[in-house]
Amino acid sequence: MSENSTPTNFIRQIVNADRASGKRDGKVHTRFPPEPNGYLHLGHAKSICLNFGIARDFAGTCNLRFDDTNPSREDIEFVEAIREDVHWLGFEWAEQRHASDYFEVFYRCALKLIAEGKAFVCDLSADEVRAYRGTLTEPGRNSPFRDRSVAENLDLFQRMRAGEFADGTRTLRAKIDMAAGNINLRDPAIYRIRKQSHQNTGDAWPIYPMYDYAHCISDAIEGITHSLCTLEFEDHRPLYDWCLDQIDLPAHPELAESVVAAGLRYAPSRPQQIEFARGNLDFTVMSKRKLLALVQDGLVDGWDDPRMPTLTGSRRRGFPPGAIRTFWERAGVSKQNSVIEYGVLENCVRDELDASAPRRMGVVNPLRLVLTNLADDHAETLDFPNHPKDETFGRRSVRFSSQVWIERDDFLEEPVKGFHRLVPGGEVRLRGIGIIRCNEVVKSETGEVVELRCTLDEQTRSGSPGADRKVKGTIHWVDARSAIGAEVRLYDRLFNVADPDDDSDGKTYRDHLNPDSRRVVRAWLEADLAEAAAESTWQFERLGYFVADRHDHSTAQPVFNRVVTLRDTWARAAGK
RNA sequence: UGGGGCGUCGCCAAGUGGUAAGGCACCAGGUUUUGAUCCUGGCAUUCGCAGGUUCGAAUCCUGCCGCCCCAGCCA
């Protein structure tokens, strides 16, 4: 991390070179093109950060484009969710577009291809097309309809558009090369008949364009200069280029009249597709199919379950959007398939929250502790800083009395080596109070420790000269008389194996769900936390970062989610 | 004898013929009223393997090996 924290990667190098050479007038326009058929997840965030980040850093713009060319699997409900997620991540698009805004352009371009003998209407069924396509090692055969006349193709295609034919009976195919080693070039379908109403265009179209055909034209229409996508589209690039070269949108303004008429800015480009590796995280599944199954089968509590890798889940979990941006910046961009350690994400979250979260104390697994040398009714109000390193966070009043709750884990009747906390007869510092000694361990009839009776060494009270007396440990606490009860959800990773997608041993991701990924407990917290704003994040000292649940938290019923624990070298050393 | 990619430290990732950046993790110290944070130091004689070219190679050439993607009228 030198002075220059701006990341460098092969895509930025290409963009830099293009600007230096004056290619496309040095302009940089990117786009994030989600299909509105599901919720955005951490993997999408990589693409969002990349596309918006490059536009921002090279004085360009980035569009949000909904790739809605398949009405049978898309839904308007996802559009708003995607918009919200992108905004939450911290990005603002120059323009919002839909591929469906360009349906008329796609149609005219198809007519042009047909007129030039570069596309034909094929009557083969899906099964027949598959049979004619050949295999990975054998070339395909020409469709018997490949040599139809231009006039016949034009007539047929116009009738397809008019809705004269049934679903699946015909397709419009690009005429390229059935013997190509690249299967995408074996006369790929560019239009199919699908009499289904579309979320934006209603029943205006009985035919819909295929991705390869629509995506490149959409990019050109929007003046996109660098079209960034993932590795699996690498062998689609020849088709991307083929379509663009045959159509040559910039030279044929008449093809885009509908876009101009609709009042959309139109400055066509000849974009360049560049592929990068998608981002994977260990201990998580990222495929839409599996995420959907987790939700539908009730394995999690919805798309925004705090354990889900969706952006809405990350948000509810309390991950700051800036941490997700930092995470993808640290991960980098390359063409190597890779899996990033989940810990990297957690550390980005910790880094950001350490600086931004005010401190409070809370006890999640309470044990009563009585200070026997204070009067029963002893009560005082102390003044604590809200942040140990940043006084702009201000200070707060903290109530203290002769009875407090401490963490059960901070007491061990039979101490183990290296344990710095409270033990019978031992001393420990009560954070912000002073040093206490444990004189008596009260147990229930079943032998459970129910109360600790201690004495506070008044000489060591915070602020007094004796306060600097050294003692091995410091523990947090909450005043038992003024604490509020709250529901605290302790989240942990959803899967307990690094690669839940690996089913080579016969087990599936479902067999690797972490049974302890969500533990709900009753906790005692400093009273003012009841007033915490929804989504506000706090550090509960020595425990971790917690966020007031976006939906369930209220003053009357406080609910906090654990975002992530603090780094805990003791737990690690103790083998927890 | 199908096509397209990729192989640099545990995980990411720079490097584009001149003698292996950086981050995360990890280890060792220091500070600390959070076993947190913070600070300091350590951490690839070596770049999938084998040859070759060169004064000099992770970078060029040849041959192997390994991994990923592609046969939707999905995106």
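Per chain, numbering begins at 1; letters A, B, ... match sequence-line order.
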The Watson-Crick or G-U wobble partner of B/A14, with both key distances under 3.5 Å, is none
Quick one: are the ring centres of A/F157 and A/Y107 less than 6.0 Å apart? yes
Mind calculating the distance between OH (A/Y545) and P (B/U34) to the nearest angstrom? 13 Å
Could you tell me which nucleotide pairs with B/G35 by Watson-Crick or G-U wobble geometry, both distances under 3.5 Å, or answer none if nothing does? none
Just the rounded figure in Å: distance from P of B/A13 to CD of A/E341. 12 Å
Given the options A/Y102, A/Y191, A/F103, A/Y208 meets ring pair (Phe, Tyr, Trp, His ring centres under 6.0 Å) only with A/F103
Between B/C24 atom C1' and A/Y342 atom OH, what is the distance in whole Å? 15 Å
Considering every strand and a 4.0 Å limit on heavy-atom distances, what is the contact class for A/S72: base, sugar-phosphate, or nothing? nothing
Once you round it to whole Å, what is the distance between C1' of B/G3 and CG of A/N182? 6 Å
May I have the distance from A/L185 (atom CG) to B/A71 (atom C1'), rounded to whole angstrom? 14 Å
Return the value, rounded to whole Å, for the distance between atom CZ of A/R350 and atom C1' of B/A25. 12 Å
Say you pick atom P in B/C47 and the same atom in B/A21; how far apart are they, in whole Å? 15 Å
Stacking check A/H420 vs B/G35 (5.5 Å / 30 deg): yes
Residue whose nearest RNA chain B nucleotide is more 5′ - A/Y211 or A/R130: A/R130
What does A/G432 touch in the nucleic acid at a heavy-atom separation under 4.0 angstrom: a base, only the sugar-phosphate, or nothing? base
With a 4.0 Å cut-off on heavy atoms, is A/K470 in touch with a base, just the backbone sugar-phosphate, or nothing at all? sugar-phosphate
Less than 3.5 Å between a donor and an acceptor, one on the side chain of A/R421 and one on the base of B/G35, is that the case here? yes
Do A/S462 and B/U33 share a donor-acceptor pair, side chain to base, under 3.5 Å? yes
Parallel, tilted or perpendicular: rings of A/H44 and A/F32 (30°, 60°): perpendicular
Ignoring hydrogens and geometry beyond distance, is a side-chain donor-acceptor pair present between A/N184 and A/D235 at under 3.5 Å? yes
Stacking here means centres under 5.5 Å and planes under 30°; does A/W570 stack on B/G35? yes
In whole Å, I'd like the distance from the NZ atom of A/K472 to the P atom of B/U33. 15 Å
I need the CD-P distance between A/E128 and B/C73, as an integer number of Å. 13 Å
Residue whose nearest RNA chain B nucleotide is more 5′ - A/E138 or A/T474: A/E138
NA contact type, A/R359, heavy-atom cut-off 4.0 Å: base, sugar-phosphate, or nothing? base
Give me the distance, rounded to whole Å, that separates B/C67 from B/G72 when you measure between the P atoms they each carry. 24 Å
Set of side-chain hydrogen bond (donor to acceptor under 3.5 Å, both in side chains) partners for A/Y545, sequence neighbours left out: A/Q539
Can you check whether A/T135 has a side-chain N or O nearer than 4.0 Å to OP1 or OP2 of B/G2? no
